[in-house]
Number of protein chains: 2
Amino acid sequence: MSDVGASNLTERCRLAGLRITGPRKAILKVLEDSSDHPDVEELHRRVKRVHPGINIATVYRTLNVLSEHDLIERHSFDDGRTRYETIPEEHHDHFIDIDTGEVVEFVSEEIEAMQEEIARRHGFEIVSHRLDIFVRRRDP
Amino acid sequence: MSDVGASNLTERCRLAGLRITGPRKAILKVLEDSSDHPDVEELHRRVKRVHPGINIATVYRTLNVLSEHDLIERHSFDDGRTRYETIPEEHHDHFIDIDTGEVVEFVSEEIEAMQEEIARRHGFEIVSHRLDIFVRRRDP
DNA sequence: CTCTAGTTGCGAATGATTTGCAACTGGCAT
DNA sequence: ATGCCAGTTGCAAATCATTCGCAACTAGAG
Ligand SMILES: [Mn+2]
Ligand SMILES: [Mn+2]
Ligand SMILES: [Zn+2]
Ligand SMILES: [Zn+2]
């Protein structure tokens, strides 16, 4: 039970030639189960619940490996620690509520298209980008 | 001689109630004279040329004060160190050439407008944002 | 089952940035 | 001009997130 949706991330790891060890299984599961943007400490905390002995250095190393293989995404949001999320179905950018720290995702085909357009005008080819919009709830 | 263009930044500091000390004069001058996006070490190097005794902790502290008063802008660009630039006449975003590290500025009214639009749709008010586009020169 | 390169735990090392503290010094008030 | 004192500085030590060295494991190919 609970094995619904054969772990895509684990399969992708295998394809990337990564060993599927106990600590990694735990980390992958936590990543898949997370729908927010946790930092390393928080991921470590979550992973310990299923794999108590895990060391935070292992979490760091595994996240680096996963991110080098483009299996997860790394974010900054300017609060000093790096945050992570699984690669989404569809690319999105983020609103960060500066009052609550809440992160809200959004998609804008128009903005994406305009980026391509302006990059082309400058003779550049886009490799990646990040659009972080720091916001505050509208006074109603 | 060379005192052309009475230092706007210094005046803004005075208005903000900051003391204009020797070390600060030097830092402000370097910031005004820089048209790139130097990091703290580089700024420290440049400041030492006009004020040899300055300590890097002072540079850090001053940059923090200036940035808290919105007199300069802080950037990340994902290379581990924080970079700075004076607040520009007109807001702009950045291309970062991942091969050379070169930073190129651009302005897109359209993208700015779309951000406002989408933020409004989500019930947010934009406080600030950052759009960093990591690029590579087009194969000609 | 064996063997080995990949992985892990642990503690020490890094590197950027911050901080405690005593010694200075702008610049407003006499 | 002179004095005063909160803001500032230099220096060294402390933080904080992240990385690394290394010896002990172990996944998984053959
Ligand atoms: Mn996201
Ligand atoms: Mn710029
Ligand atoms: Zn985007
Ligand atoms: Zn912008």
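Below, chain A is the first sequence line, B the second, and so on; all start at residue 1. In this text the structure is predicted, and so the values were computed from the model without any measurement.
Side-chain atoms of A:L18 lie closest to C:dT7 of the nucleotides D:dT8, C:dG9, C:dT7. Distances were taken from every side-chain heavy atom of A:R14 (C-beta onward) to each of D:dA17, D:dG28, D:dG21; the shortest belongs to D:dG28. Nearest to the side-chain atoms of A:V40 among the listed nucleotides D:dT18, D:dC20, C:dT8 stands D:dT18.
Across all strands, A:I54 comes closer than 4.0 Å only to sugar-phosphate atoms, never to a base (heavy-atom distances). Within the 4.0 angstrom heavy-atom criterion, only backbone atoms of the sugar-phosphate kind lie near B:N64; the bases stay farther away. Note on A:R61: a base of the nucleic acid sits closer than 4.0 angstrom, heavy atoms only. As judged by a 4.0 angstrom heavy-atom cut-off over every strand, B:G53 is placed among residues touching the sugar-phosphate backbone only. Among the heavy atoms of the strands lying under 4.0 Å from B:I20 are primed sugar atoms or P, OP1, OP2 only; no base atom is included.
One can place CZ of B:R45 at 11 Å from P of C:dA16, the figure rounded to the nearest angstrom.
A residue-by-residue look at B:Y60 and B:T21 shows that B:Y60 has its nearest nucleotide of DNA chain C further toward the 5' end.
The residues A:R130 and B:D78 are annotated as salt-bridged, a charged nitrogen and a carboxylate oxygen being separated by less than 4.0 angstrom. The pair A:K29-A:E32 does not count as a salt bridge, with every side-chain nitrogen at least 4.0 angstrom from each carboxylate oxygen.
Judged by distance alone, with hydrogens and angles left aside, A:R19 brings no side-chain donor or acceptor close enough to the base of D:dG28 to form a pair under 3.5 Å.
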